[in-house]
Amino acid sequence: MASKKLRKATGYLLEFACLLSALLVMLTLCLILYYIFRRGIAAVNIPFLTSLPTPVGEPGGGIGNALIGSAIMVGIGSLLAIPFGILAAIYLDQNPKSKLAAATRFANRVLTGIPSLIIGLFVFTVLVLRTGNYSALAGGIALAVMMIPIITLSAEEMLRLVPNSWREASLALGASKKQTVLMLVLPAATGGLVVGIMLAVALAAGQTAPVLLTALTSRFWLENLQQPAASLPVLIYTYASSPFPDWQEQAWGAALVLVTTILALNVAAQLFIAVRNRRL
Amino acid sequence: MTQSIAVQDLSVWFGRHQVLKNVSLYAKPKEVTALIGPSGCGKTTLLRCINRLHDLYSNATIHGKIMVGTENILGVNIDPVELRRRVGMIFQKPNPFPHLSIFENVAAGLRLHGLACGRAAAERVEACLRKAALWEEVKDSLDRPGIMLSGGQQQRLCIARALAIEPAVFLMDEPCASLDPVSTMRIEELIKELREDYTVIIVTHNMQQAARISQQTAFVLNGELVEAGPTAEMFIAAKDDRTEAYLTGQMG
Amino acid sequence: MAATKQTTRPQNGEGVFPYLTAAAAALILLLTGSILLVVLWGAWPAWQAFGPAFLATSVWDPVQNLYGAIPAVFGTLVTSLIALALAGPLGIGTAIFLSELAPPWLKKPASFTVELLAAVPSVVFGLWGLFVLAPWFRVGPGQFLETNLGFLPLFQGPSLGIGVLTAGLVLAMMILPTITAISREVIRAVPQELREAMFALGSTRWEMIAKVVLPTGKVGITGALLLGLGRSFGEAIAVTMVIGNANLIPSSLLAPAQTIASLIVNEFPEAFDLQLSALLLLGLLLFIITLAVNMIAVWLVQRTTQGIPSSQEKRPVKRRTLRRFFSNGQ
């Protein structure tokens, strides 16, 4: 009987250890969010969001150009990656067993498996080194390369969820394959596609290394896509690494803006999934 | 060692859905009691109450009494872990542990409860495998994974695993549902032998099986126990019209 | 005329659409191939100049144009292993809690918290590590180690706050969600009937976990740990911010060091010619290592999540979660 008590006690002890580790994980997130909020909120106000950075020592100064830069580069990334990814996913869905499909799936795996830094190196070598200057366009392309495999993989999965019987019904009505895909399969999968895109955008918006290596940063408004561009993550990185307290303060402010945006996208995606699951 | 099982006024809810309504049933020691009824009637739920597997799922509410021997196993002072040691269970799908060898599968319960080790464990495992009529087939491959066996052999392995901890009663949830006719026959033979030492309650879809192996049959319908009685009598002349309808194939 | 044309058209008139989709798929293939080729091409001059000695020397001197990878490789390995040692047990413990122990109402929000932690950008971990964790570490655990274990070379002071151990800590926080989420999916894939079989033998909940869930999921959990390791190998910005960026083999866990990724981030903007090529060679090394680790890990995880026969009570593995955490990008 004593051994039975021991068995139970050991069990409870180890279960308690699991509970503790779960609490520690939650605590990590809470600590990060707490500091971001506490130290960031002091820096954030309307002028901070809309003005250019000022030189060290001058009061004021904001992240306006970084916000625009991030938005534009994520925008370029999305514009390239979304149609690209969805088209590729349609191919994978229509020809699931072809050699090209197998090779593409493998390539997608490879793309998701390599660090974002490498993608930065790639775009740097191909674009920045060639043209001789860092640019918003190169930054957007680097983000597109990151987003493409994510969107392709999630889109393929969403398309696969559309029942075959629907497609057959459409084909039986005399619709072409193309019409079936565009008029029936894609609209039916829209919800899932939107979730995948939101998560890809959230991921791209937080990238530092690929953007740093391709768009560098800038202290001015972005006037054309051939120029270097500021972005929120790079701004946080450079300000945090600087020795100036007011810049460090602004790094916290920028982090608050970035984290809020990204977490909002994640929560929205989660809600989207929850609502859709309830409806089904 | 062998104990009777008496279910008294048992009601079970999953959430707000009542799946068993005031069920009472007495299973004699050294007899096979068969629970029959259409799918979803609650017979598996009844079986799983007897070793309190529903405790694992928080949405189940259980009222009533289940006496195993002289003890109400639904009582608050009963430890389900201790109870399950005394109640062997065989599941619908053979479920040997995939990461364990044939030997270790049978020894799993022994190890758990520190019942035997070394030579003693080996002897015990052999005895259980013999009793489960599996020894001759596996004695040269005890180190191979349990899942390498055929479905029927796996199910006999599971029976040996349950035998090893010497339970007082045996619960079987459609043990032949996923097996071919030959394997089914072997398991049925085995159940007949188990009857000599244990109280057995078996859930089955198959009325012929109930007729072949059980001494008592209970018919469950929509969560109610419609009728229970000696198998021979029930199959010849059911007292309730619904039982009659089910047995003659006019239902489910 | 017009009518016949319209009825026949949909049959064979798919137009360029199939070609367009095939081109998109082919482009992904092309893109992946060209990433490898471009990095290879860029790294070639450095490989010609140094050959295998690149991996066996520890001097990194842009002035004399001498480059060796040992300090960066060493730093990468040490920080990542520290991260794995910390995040591994915590992540698996959390996964067990989320899938086996937590009351049902808590499971979803708690799992979502883990996903949120994964969504926090690398640079924010760096910022937090630099201004919150490092100062605390310097006077807290760092000081403690220096005073009490300083006689060991491993914990020789001074405790600066930034350094190998802090980088390991930040990395651990970053790979925790990966290890947790993947382990949880692996554990979910363990069939319910195996759990019940163990319970039916009279096991306690923990015995069931230790003797059924963990052994059955062993391979997949190993995959989860490897995925975490791969992610920490490639992590750039956060590490750069807290490791101190000293390009030498650190004498102590409290000393500053360098990883492959942090070296690239630090020197890339000003590098040219041979230095640039040497950095690309480091990049190639990182590419190969992370890719190999990631591929093995994904294979292990998929073997478990797809290989275990489906259970009676369906607990489908969340493919979305798997896909998300298979990704190295962050």
Side-chain angles (χ1 to χ4, degrees), chain A residues 7-8 11 14-15 17-19 21-22 24-26 28-29 32 35 84 87-88 90-92 100 103-104 107-108 110-118 121-122 125-126 145-146 148 150 153 157 174 176-178 202-203 206 208-209 213 233 236-237 240-241 251 255 258-259 262-263 266 270, chain C residues 10 14 17 20-22 24-26 28-29 31-32 35 38-39 42 90 93-94 96-98 101 110 112-114 116-117 119-124 127-128 130 132 173 176 180 204-207 234 236-237 241 261 264-265 268 280 283 286-287 290-291 294-295 298 319 323 326-329:
Chain A
R7 275 169 56 191
K8 288 205 156 171
L14 289 163
E15 286 186 3
C18 289
L19 170 72
S21 36
L24 203 60
V25 175
M26 313 284 145
T28 309
L29 180 71
I32 291 176
Y35 277 97
F84 199 122
L87 281 176
I90 291 174
Y91 176 82
L92 294 178
L100 178 59
T104 304
N108 257 325
V110 173
L111 269 188
T112 52
I114 56 180
S116 58
L117 178 67
I118 304 288
L121 289 182
F122 165 70
T125 318
V126 171
V145 176
M146 296 226 52
I148 283 170
I150 300 174
L153 287 171
E157 214 157 280
S176 70
K177 270 185 158 184
K178 172 179 153 189
L203 181 80
T208 317
L213 297 188
I236 297 170
Y237 170 64
S241 315
L258 182 63
V259 167
I262 289 175
L263 293 196
N266 272 275
Q270 199 67 29
Chain C
E14 299 281 338
F17 190 67
L20 203 63
T21 58
I28 290 183
L29 197 60
L31 185 66
T32 313
I35 291 178
V38 162
V39 177
L90 277 179
T94 308
I96 292 172
F97 178 78
L98 291 180
L101 310 178
F112 184 55
T113 319
V114 174
L116 281 190
L117 188 61
V120 173
S122 170
V123 70
V124 173
L127 178 75
W128 189 85
L130 185 59
V132 181
M173 290 163 65
L176 251 178
T180 306
T204 64
R205 186 163 63 172
W206 181 262
E207 285 165 336
I237 290 294
M241 293 168 83
I264 294 175
V265 169
F268 213 76
L280 282 164
L286 187 64
F287 187 131
T290 47
L291 192 62
N294 196 275
M295 287 285 179
V298 170
R319 294 180 53 92
R323 177 163 31 78
F326 281 165
S327 159
N328 241 338

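This one's a predicted model, so the numbers in the text were calculated from it and none came from an experiment.
- Of the possible polar contacts, none joining the A:T125 side chain to the C:V38 backbone as a donor-acceptor pair under 3.5 Å is found.
- Heavy atoms of A:A251 lying under 4.5 Å from chain C belong to its backbone as well as its side chain.
- The candidate with the highest count of non-hydrogen atom pairs below 4.5 Å against chain C, out of A:I90, A:L19, A:L263, is A:L19.
- Every residue two or more places apart in sequence or in another chain that forms a side chain to side chain contact (heavy atoms under 4.5 Å, CB included) with C:T113 is listed here: A:M26, A:L29.
- If you measure heavy-atom distances from A:L153 to chain C, the contacts under 4.5 Å come from both the backbone and the side chain.
- Atoms CD1 and CG, on A:I262 and C:L116 in that order, are 11.0 Å from each other to the nearest 0.5 Å.
- If you take SG on A:C18 and CD1 on C:I96, they are separated by 4.0 Å, rounding to the nearest 0.5 Å.
- For the pair C:L127 and A:Y35, the minimum side-chain heavy-atom distance is 4.5 Å or more.
- For the set A:S241, A:A17, A:A209, A:A255, the entry with the most heavy-atom pairs within less than 4.5 Å of chain C is A:A209.
- For the side chain to side chain donor-acceptor pair (under 3.5 Å) test, residues two or more places apart in sequence or in another chain that qualify with C:T204 are C:E207.
- When heavy atoms are compared at a cutoff of 4.5 Å, A:L213 approaches chain C solely by way of its side chain, counted from C-beta outward.
- Within the 4.5 Å cutoff, side-chain heavy atoms of A:L87 are placed close to those of C:F17.
- Looking at A:L100, only its side chain comes within 4.5 Å of chain C, counting heavy atoms on both sides.
- Residue A:A202: no heavy atom, backbone or side chain, is found under 4.5 Å from chain C.
- Interface residue A:V259: only side-chain heavy atoms are found under 4.5 Å from chain C.
- Of the listed residues A:L24, A:L258, A:T28, A:I32, the one with more heavy-atom pairs under 4.5 angstrom with chain C than any other is A:I32.
- When all heavy atoms are compared, the tightest approach of C:W206 to A:G11 is CB-CA, 3.4 Å.
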